[in-house]
S.K.: 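Quick one: this structure, given as structure tokens, is what I'll be asking you about.
In listed order, ligands and their atoms are each counted from 1. What you see is a predicted model, and the numbers here were worked out from it, not measured in a lab. Computation of the quantities below employed the complete heavy-atom set of this structure, encompassing side-chain atoms and omitting hydrogens, waters and symmetry-equivalent molecules. We're numbering straight along the sequence, starting at 1.
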Amino acid sequence: MQKSKKSIDSLTVMTNIVLPNETNSLRNLFGGELLARMDRAASISATRHCERRVVTASVNHVSFDQPIPEGGIVVLEAKVSRAFSTSMEVYVDTWLDDPINQRKTHTNTGIYTFVAVDEFNKPVPIPHLEPESEEEVQRFHAALRRKELSLILSGRMKPTDSIELKKLFLGEE
Ligand SMILES: CC(C)(COP(=O)(O)OP(=O)(O)OC[C@H]1O[C@@H](n2cnc3c(N)ncnc32)[C@H](O)[C@@H]1OP(=O)(O)O)[C@@H](O)C(=O)NCCC(=O)NCCS
């Protein structure tokens, strides 16, 4: 296993069309259907990064910014944005692709945490991630804040034990 990897190594692109049975009463893609697709793309991306079996530990953030209509072409792009010891953050960007009018609209963002596990479902160490582009560097740095927030909200960390969030909210070092 490599000691460190780039985001591009875990890039996972899933392209699909929205069928009628995947829509809500407004004939737009049903939110739960999109969440399932994002989770699939993110888990493949996490597996590519760590070359291990992975489990979803948390969904840190999902935004539904634009509706995706029936018949729309949906493109999901998932990449690992930061690797910690055994867990990693995966960013999923969703686009509505309109090849007829040559338009690509960003519709959603999902941010997931996956944990690499062995055959006994015990967490195992994973390669580091080296961000390259400006966007990858920005996401890499913000990932620690999101991890701490997720751990606090799930009762796994005391707010006073956080590093980044204390700095952000209390100005404490
Ligand atoms: C996720 C899971 C493997 C964590 O196991 P655990 O024994 O609690 O392990 P740890 O406490 O050592 O946590 C492992 C890593 O996950 C991270 N983690 C755990 N819960 C987290 C959460 N809610 N948010 C962010 N990170 C989390 C920990 O910070 C740690 O990260 P690090 O090693 O990179 O610092 C375990 O809870 C599990 O198997 N959950 C079920 C997963 C599943 O079935 N998912 C599918 C849902 S349908």
S.K.: I'd like to check which ligand 1 atoms, numbered from 1 as shown, lie under 4.0 Å from a non-hydrogen atom of S154.
M.R.: 23 (N)

S.K.: Quick one: does atom 43 (C) of ligand 1 have a protein heavy atom under 4.0 Å from it?
M.R.: yes

S.K.: Counting N and O atoms only, with roles assigned by atom type, does the side chain of E22 sit under 3.5 Å from a partner on the main chain of F30, one being a donor and the other an acceptor?
M.R.: no

S.K.: Spell out, yes or no, whether L35 and V18 are grouped together once hydrophobic residues are joined by side-chain heavy atoms under 4.5 Å, including indirect joins.
M.R.: yes

S.K.: Which atoms of ligand 1 have any heavy atom of T86 under 4.0 Å away?
M.R.: 14 (C), 15 (C), 30 (C), 31 (O), 32 (P), 33 (O), 34 (O)

S.K.: In the protein, what heavy atom is nearest to atom 29 (O) of ligand 1, and what distance, to one decimal place, separates them?
M.R.: K147 NZ, 2.8 Å

S.K.: Can you hop from F64 to Y112 via hydrophobic side chains spaced under 4.5 Å?
M.R.: yes

S.K.: Whether the side chain of K147 engages the backbone of A142 through a donor-acceptor N/O pair (distance < 3.5 Å, no angle test) should be reported.
M.R.: no

S.K.: Which protein non-hydrogen atom lies closest to atom 34 (O) of ligand 1, naming both residue and atom, and how far is it?
M.R.: S87 OG, 2.7 Å

S.K.: With a 4.0 Å cut-off, would you call D93 and K104 a salt bridge?
M.R.: no

S.K.: Can you list the atoms of ligand 1 that are under 4.0 Å from a heavy atom of S150?
M.R.: 22 (C), 23 (N), 24 (N), 25 (C)

S.K.: Flag atom 2 (C) of ligand 1 as yes if some protein heavy-atom distance to it falls below 4.0 Å, otherwise no.
M.R.: no

S.K.: Which protein non-hydrogen atom lies closest to atom 39 (O) of ligand 1, naming both residue and atom, and how far is it?
M.R.: V55 CG2, 4.2 Å

S.K.: Please list, in number order, the atoms of ligand 1 under 4.0 Å from a heavy atom of T56.
M.R.: 42 (C), 43 (C), 45 (N), 46 (C)

S.K.: Output the list of atoms in ligand 1 that are nearer than 4.0 Å to some heavy atom of S85, sorted by atom number.
M.R.: 32 (P), 33 (O), 34 (O)

S.K.: Within ligand 1, which atoms have a heavy atom of R156 less than 4.0 Å away?
M.R.: 8 (O), 11 (O), 19 (C), 20 (N), 37 (O)

S.K.: Counting heavy atoms only, name the option from L153, L151, V115 that's nearest to atom 21 (C) of ligand 1.
M.R.: L151

S.K.: For R53 and D118, indicate whether the former's side chain and the latter's backbone hold a donor-acceptor pair under 3.5 Å.
M.R.: yes

S.K.: Can you check whether L76's main-chain N or O pairs, donor with acceptor, with R37's side chain at less than 3.5 Å?
M.R.: no

S.K.: Scan the protein's non-hydrogen atoms and note whether one is under 4.0 Å from atom 31 (O) of ligand 1.
M.R.: yes

S.K.: Counting heavy atoms only, which part of S58 comes closer than 4.0 Å to ligand 1: side chain, backbone, both or neither?
M.R.: side chain

S.K.: Before accepting this row, confirm whether a basic side-chain N of the pair E130/K6 lies closer than 4.0 Å to the acidic partner's carboxylate O.
M.R.: yes

S.K.: When L151 is tested against each of M157, K158, R146 for side chain to side chain contact (heavy atoms under 4.5 Å, CB included), which residue passes?
M.R.: M157

S.K.: Checking a contact table here: which protein heavy atom is nearest atom 12 (O) of ligand 1, and how many Å away?
M.R.: P123 CG, 4.1 Å

S.K.: Do V59 and M38 share a hydrophobic cluster, counting only Ile, Leu, Val, Met, Phe, Trp and Tyr and linking them when any side-chain heavy atoms are less than 4.5 Å apart?
M.R.: yes

